[in-house]
**Student:** 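Starting off with a structure, shown below.
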Amino acid sequence: MSRTADAIRSADEHSAHNYHPLPVVVASAEGAWMTDVEGRRYLDMLAGYSALNFGHGNRRLIDAAKAQLERVTLTSRAFHHDRFAEFCTELAALCGKEMVLPMNTGAEAVETAVKTARKWGYEVKGVPDGQAKIVVAADNFHGRTTTIVSFSTDHDARDHFGPYTPGFEIVPYGDLTALSRAVTANTVAVLLEPIQGEAGVLVPPPGYLAGVRELTRERNVLFMADEIQSGLGRTGKTFACEHEGVVPDVYVLGKALGGGVVPVSAVVADRDVLGVFRPGEHGSTFGGNPLACAVALEVIAMLRTGEYQQRATELGDHLHRELNLLTGGGAVTAVRGRGLWAGVDIDPARGSGREVSEKLMERGVLVKDTHGSTVRIAPPLVISKEDLDWGLEQLRTVLAG
């Protein structure tokens with residue numbers, strides 16, 4: 001039995017089957033490339049669903065983590081530590097906000113945003129206790145906790161995990177009229193992904209985010225933008241909302257904030273929103289730990305240069321030009337996305353998204369399918385144009401086969 005087969009067999013035997021990974025076992029990685037246990041190299045065109053925006057083993061991030069590992073890694077929030085204030089200050093400044101509530105995973109950040117909106121609604125807006133409503137979009141993906149799957153329309157994520165948490169209204173994504181009708185006096189927030197990732201990298205119609213911003217401001221409702229996948233450089237801007245000149249009330253961040261080194265997430269907003277919390281009402285033992293803060297501070301410093309946003313813009317334009325050329329041949333029915341992020345719909349006659357992903361893996365390129373016929377492409381922002389072109393050539397070859 002090969003090392004790959006042995007590792008997969010052992011994983012299947014001893015781990016819950018909550019994922020269906022491609023049959024590759026990664027042993028090391030650097031930049032945009034990964035090497036498996038057999039010594040085969042693969043071009044990473046997924047980047048950990050945007051967690052690895054800055055590539056594998058980024059030297060700046062690894063050095064920041066190593067330096068902090070030698071000092072202190074965890075204090076819990078029972079005590080202060082010397083990286084916390086700087087992290088909160090710098091992240092708030094990056095977002096143009098006043099306060100930060102740090103957590104670990106993206107789902108934790110979304111849960112935190114939900115609690116924030118409800119508490120704000122009761123204590124600031126004056127919604128009767130227990131009646132707060134949050135409007136969300138169909139086909140959303142915000143995580144898989146019991147509260148979050150309560151407002152999911154994905155049957156795989158939702159079915160047989162009830163009873164479900166009430167207080168959510170689901171409307172079609174991109175439909176301002178439906179959103180306006182759903183907002184009532186008891187609505188405390190609208191929670192949206194500026195670009196829906198898991199749904200297939202769906203970009204909303206032009207003017208949609210600006211319309212959401214105007215509507216929520218008029219109705220005294222918080223606009224909460226889940227930028228966990230779309231934020232921190234992926235689309236060519238620091239935040240995807242910037243493409244429409246929109247600043248939400250609340251940013252929900254994660255994935256790339258930890259640089260692919262440690263899990264770091266956060267809710268970022270002004271004092272009139274996050275100021276509703278008092279000691280004991282919310283927290284996390286690991287949230288805002290020294291190691292997380294050290295790595296995230298380096299991520300923030302890297303984003304401040306604008307280098308990665310510019311790379312995502314330039315390489316993203318090239319990526320979409322090349323992908324759109326594939327739509328004329330029948331193998332690809334649609335291409336969506338922004339920056340170095342694309343959803344490619346495969347003609348079912350040419351194979352499922354999973355089958356295309358497996359064929360690409362055989363040719364040394366790693367991507368992942370979603371919703372049957374869609375392949376997601378999201379390479380690290382540090383990928384070279386030459387490597388990106390090589391990966392695209394493998395896709396062309398697979399689709400021509």
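These figures come from a predicted structure and were not determined experimentally.
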**Student:** Would a 4.5 Å heavy-atom cut-off, applied to side chains only, mark Ile228 and Val110 as touching?
**Tutor:**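 A side-chain contact exists here, since the closest heavy-atom pair is under 4.5 Å.
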
**Student:** Got a second to check how far Leu215's CG is from Ser180's OG, nearest 0.5 Å?
**Tutor:**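 Answer rounded to 0.5 Å: 5.0 Å.
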
**Student:** Could you state the interatomic distance from CG (Leu381) to OG (Ser50), rounded to the nearest 0.5 Å?
**Tutor:** 7.5 Å

**Student:** Using a distance-only test with no angle check, is there a side-chain donor-acceptor pair under 3.5 angstrom linking Arg219 and Thr216?
**Tutor:** no

**Student:** Could you check if a side-chain atom of Ser230 sits within less than 4.5 angstrom of a side-chain atom of Glu193, using non-hydrogen atoms only?
**Tutor:**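 With C-beta onward as the side chain, the pair stays apart.
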
**Student:** Measuring only between side-chain heavy atoms, which start at C-beta, is Arg3 closer than 4.5 Å to Val25?
**Tutor:** no

**Student:** Looking at His155, I want to see if its NE2 is surrounded by more than 12 non-hydrogen atoms of other residues, nucleotides or ligands under 6.0 Å.
**Tutor:** no

**Student:** For Phe286, does the CZ atom sit with more than 12 other heavy atoms under 6.0 Å from it, leaving out its own atoms?
**Tutor:**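 Counting neighbours around CZ of Phe286, 12 or fewer heavy atoms of other residues, nucleotides or ligands fall under 6.0 Å, so no.
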
**Student:** So which heavy atom on Ala47 is nearest to which on Pro379, and how close?
**Tutor:**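 Nearest pair, atom of Ala47 first, then Pro379: CB-C, 3.8 Å.
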
**Student:** Which atom pair, heavy atoms only, marks the closest approach of His320 to Val335?
**Tutor:** ND1-CG1, 4.1 Å

**Student:** Would you please test Ser265 and Glu108 for side-chain hydrogen bond (donor to acceptor under 3.5 Å, both in side chains) and show each step?
**Tutor:** CA-CA 8 Å; Ser265 66; Glu108 284 180 286; 5.1 Å; no

**Student:** Between atom CG of Leu61 and atom NZ of Lys66, what is the distance when rounded to the nearest 0.5 Å?
**Tutor:**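 Spacing of CG (Leu61) from NZ (Lys66) equals 12.5 Å.
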
**Student:** Where the side chain of Arg336 meets the backbone of Gly200, is there a donor-acceptor pair that is under 3.5 Å apart?
**Tutor:** yes

**Student:** Looking only at heavy atoms, what is the nearest atom pair of Glu38 and Ser2, with distance?
**Tutor:**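 So the minimum-distance heavy-atom pair works out to OE2-CB, 3.5 Å.
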
**Student:** Stepwise, does the salt bridge (charged side-chain N to carboxylate O under 4.0 Å, His left out) test hold for Glu298 with Arg60?
**Tutor:** CA-CA 7 Å; Glu298 199 64 30; Arg60 287 183 63 172; 2.8 Å; yes

**Student:** Taking the side chain as C-beta and beyond, is there a heavy-atom pair between Val332 and Leu399 under 4.5 Å?
**Tutor:** yes

**Student:** Under a 4.0 Å threshold between the charged nitrogen and the carboxylate oxygen, would Arg354 count as salt-bridged to Glu358?
**Tutor:**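 A salt bridge links Glu358 with Arg354.
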
**Student:** Would you tell me whether Ser284 and Asn104 have side-chain atoms, one donor and one acceptor, within less than 3.5 Å of each other?
**Tutor:** yes

**Student:** Output the distance between atom CG (Leu366) and atom CD1 (Ile377), rounded to the nearest 0.5 Å.
**Tutor:** 12.0 Å

**Student:** Quick one, Arg234 and Gln229 - any side-chain contact, counting heavy atoms below 4.5 Å?
**Tutor:** no

**Student:** Specify the closest pair of heavy atoms between Ser357 and Asp369, including all atoms of both residues, with the distance to one decimal.
**Tutor:** OG-N, 3.5 Å

**Student:** May I ask you to test the Val124-Val276 pair for a side-chain heavy-atom distance under 4.5 Å?
**Tutor:**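 Sidechains of Val276 and Val124: in contact.
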
**Student:** Measure the spacing between CG of Asp387 and CE of Met45 and express it to the nearest 0.5 Å.
**Tutor:** 9.5 Å

**Student:** Could you check Arg396 against Glu322 for salt bridge (charged side-chain N to carboxylate O under 4.0 Å, His left out), going step by step and ending with a plain yes or no?
**Tutor:** CA-CA 10 Å; Arg396 282 189 286 270; Glu322 293 299 313; 3.3 Å; yes

**Student:** Could you check whether any side-chain heavy atom of Phe141 comes within less than 4.5 Å of a side-chain heavy atom of Asp154, counting everything from C-beta outward?
**Tutor:**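 Heavy-atom side-chain distance check fails, nothing below 4.5 Å.
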
**Student:** Could you grab the distance from atom CD of Gln309 to atom OG1 of Thr313, nearest 0.5 Å is fine?
**Tutor:**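 Output value for this atom pair is 8.0 Å.
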
**Student:** Identify the residue among Ile134, Leu222, Val135, Val183 that makes a side-chain contact (heavy atoms from CB on, under 4.5 Å) with Val188.
**Tutor:**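 Filter result, single survivor: Ile134.
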
**Student:** Determine whether more than 12 heavy atoms belonging to other residues, nucleotides or ligands lie under 6.0 Å from atom CD of Glu393.
**Tutor:** yes

**Student:** Would you please classify the geometry between the His142 ring and the Phe151 ring as parallel, tilted or perpendicular, with 30° and 60° separating the classes?
**Tutor:** tilted

**Student:** Salt bridge check: are Arg376 and Glu198 linked by an N-O gap of less than 4.0 Å?
**Tutor:**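 Yes, this pair counts.
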
**Student:** Please step through salt bridge (charged side-chain N to carboxylate O under 4.0 Å, His left out) for the pair Arg118 and Asp129, ending with a clear verdict.
**Tutor:** CA-CA 9 Å; Arg118 287 176 170 175; Asp129 193 50; over 6 Å; no

**Student:** Which heavy atom in Arg213 sits nearest to a heavy atom in Val221, and how many Å separate them?
**Tutor:** NH2-O, 4.2 Å

**Student:** Any Lys/Arg nitrogen of Asp389 or Lys385 sitting under 4.0 Å from an Asp/Glu carboxylate oxygen of the other?
**Tutor:** yes

**Student:** Give a yes or no on this: more than 12 heavy atoms of other residues, nucleotides or ligands lie within 6.0 Å of atom CD of Glu70.
**Tutor:** no

**Student:** If you take all heavy atoms of Val267 and Leu274, which pair is closest and at what distance?
**Tutor:** O-CD1, 3.6 Å

**Student:** Please work out which of the three classes, parallel, tilted or perpendicular, describes the rings of Trp390 and Trp33, given edges at 30° and 60°.
**Tutor:** tilted

**Student:** Any side-chain heavy atom of Ile383 within less than 4.5 Å of one from Leu43?
**Tutor:**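 A side-chain contact under 4.5 Å exists here.
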
**Student:** Check whether more than 12 heavy atoms from other residues, nucleotides or ligands sit under 6.0 Å from atom CZ of Arg181, and answer yes or no.
**Tutor:** no

